[in-house]
Amino acid sequence: MKYRVRVDLSFDSEADARSLLDYTKTLTGKAVSTNEGEVNEEISFCELELCRHDEGLPCTRLDRLEVRKL
């Protein structure tokens, strides 16, 4: 059994968003991915996007860190 946290927060400030991303990165050493390398793998990750849905445009990924042991 695992405990999963899912968070999707939008910020007006890039500094605030990066601050949260940086904090989550400090926890990745304790995080695990499930069934890594298998067809049913679930990879733990942290991601930062520039969201432009309020402008009618898609998101753009700025940063992503995946937790992989393999």
Side-chain angles (χ1 to χ4, degrees):
M1 179 174 57
K2 309 279 186 238
Y3 295 90
R4 172 172 272 164
V5 175
R6 293 180 188 245
V7 178
D8 185 353
L9 301 172
S10 296
F11 296 91
D12 289 326
S13 162
E14 181 178 353
D16 290 340
R18 285 204 179 270
S19 177
L20 178 58
L21 181 69
D22 291 343
Y23 176 68
T24 60
K25 285 181 176 181
T26 69
L27 299 174
T28 59
K30 296 178 180 181
V32 296
S33 291
T34 303
N35 300 323
E36 189 175 349
E38 304 294 327
V39 295
N40 61 336
E41 72 179 1
E42 293 185 34
I43 301 301
S44 294
F45 67 92
C46 309
E47 196 167 74
L48 175 65
E49 296 179 334
L50 176 60
C51 178
R52 295 193 137 164
H53 288 118
D54 58 330
E55 301 170 356
L57 299 169
C59 291
T60 303
R61 184 183 303 159
L62 300 177
D63 195 2
R64 180 179 172 98
L65 173 69
E66 294 184 347
V67 176
R68 294 186 179 268
K69 306 292 183 205
L70 295 179

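Both backbone and side-chain heavy atoms feed into the values below; hydrogens, waters and symmetry mates do not.
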About how many Å separate CD1 of Ile43 and NZ of Lys69, when rounded to the nearest 0.5 Å?
10.5 Å
Starting from Phe45, walk the hydrophobic network (Ile, Leu, Val, Met, Phe, Trp, Tyr; side-chain heavy atoms closer than 4.5 Å) and list everyone else you reach, by chain and number.
none
Side chain to side chain contact (heavy atoms under 4.5 Å, CB included), that's the test. Do Glu41 and Arg68 meet it? Break it down for me.
CA-CA 11 Å; Glu41 72 179 1; Arg68 294 186 179 268; 3.9 Å; yes
Residue pairs, two or more places apart or on separate chains, that pass side-chain hydrogen bond (donor to acceptor under 3.5 Å, both in side chains) and touch residues 15-35:
Glu14-Arg18, Lys25-Asp63
Return all side-chain donor-acceptor pairs below 3.5 angstrom for residues 2-11, not counting sequence neighbours, or 'none' if the list is empty.
from	atom 1	to	atom 2	distance (Å)
Arg4	NH1	Glu42	OE1	2.8
Arg4	NH2	Glu42	OE1	2.9

Check residues 55-62 and write down every donor-acceptor pair under 3.5 Å in which the side-chain atom is one partner and the other belongs to a residue at least two apart or another chain.
from	atom 1	to	atom 2	distance (Å)
Glu55	OE1	Arg52	NE	3.2
Arg61	NE	Glu47	OE2	2.9
Arg61	NH2	Glu47	OE2	3.4

So which residues get pulled into Val67's cluster when ILVMFWY side chains under 4.5 Å apart are joined, directly or through others?
none
Applying a strict under-4.5 Å side-chain criterion to I, L, V, M, F, W and Y, I'd like to know whether Leu50 and Leu21 cluster together.
yes
